[in-house]
Amino acid sequence: EVQLVQSGGGLVQPGGSLRLSCAVSGFTFSNSAMTWVRQVPGKGLEWLSGITSDGGRAYYADSVKDRFTISRDNGQNTLYLQMNSLKPEDTAIYYCAKDPRADWGTMPDYWGQGTQVTVPS
């Protein structure tokens, strides 16, 4: 079965860094674009970042551009989100998600379990 298992969340002080990981199985990772999404309780989803199947192109929301970096290791079937200069407004549940195609543009068809990131004010 398809699995996306996330790790790396937790509490970090403002200005600190955290790296999220998403280890996948059950599909050909190198064929799929991947996305990071977050949700603040009571609010909708915010699409943060996406990366093409080969890692050649990426996009970032303005709210995280120049602070977050998406990457992937297709040999290890793992997606990463490096988060630097964290702010209290980054507090949310973070999800990795699989895009059904090699590029982003459609709704994900599989999601990780989510992990909490908390940055106190």
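Quick caveat, the model's predicted, so the values are computed rather than measured.
- Other residues sharing a hydrophobic cluster with L79 under the 4.5 Å side-chain heavy-atom criterion for ILVMFWY residues are V2, L4, V12, L18, L20, V24, F27, F29, M34, W36, L48, I51, Y60, V64, F68, I70, L81, M83, L86, Y94, Y110, V117, V119.
- Note: Q113 CD to T115 OG1 = 6.5 Å, rounded to the nearest 0.5 Å.
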*side-chain contact (heavy atoms from CB on, under 4.5 Å) between D54 and R72: does it pass, once the steps are laid out?*
CA-CA 8 Å; D54 63 356; R72 65 193 297 159; over 6 Å; no

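- Across all non-hydrogen atoms, the minimal contact from P108 to P100 is CA-CD, 4.4 Å.
- Residues N31 and S53 have side chains that never bring a donor and an acceptor to within less than 3.5 angstrom of each other.
- Residues Q116 and T118 share a closest heavy-atom pair of NE2-OG1, 3.3 Å.
- The two atoms that bring E46 and S63 nearest to each other are OE2-OG, 2.7 Å, heavy atoms only.
- In the hydrophobic clustering, where aliphatic and aromatic side chains (Ile, Leu, Val, Met, Phe, Trp, Tyr) are joined below 4.5 Å either directly or transitively, M107 groups with V37, L45, W47, Y59, I93, Y95, W104, W111.
- For E89, the CD atom is densely surrounded, since the number of other residues' heavy atoms within 6.0 Å is greater than 12.
- Contact between A102 and A33 at its shortest, heavy atoms only, is O-CB, 3.5 Å.
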*With salt bridge (Lys or Arg N to Asp or Glu O under 4.0 Å) as the test, would you mind laying out the steps for D103 and R57 before giving the verdict?*
CA-CA 9 Å; D103 206 347; R57 291 183 293 114; 2.4 Å; yes

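- Between R38 atom CZ and S49 atom OG the span is 11.5 Å, to the nearest 0.5 Å.
- A pairwise comparison of heavy atoms in P88 and P120 identifies CG-O, 3.8 Å as the closest pair.
- In summary, the side chains of Q6 and S21 do not present any donor paired with an acceptor at a separation below 3.5 Å, with no hydrogens or angles considered.
- With sequence neighbours left out, the side chain to side chain contact (heavy atoms under 4.5 Å, CB included) criterion links S85 to R67.
- Here the shortest heavy-atom pairing between N84 and Q82 reads OD1-NE2, 3.0 Å.
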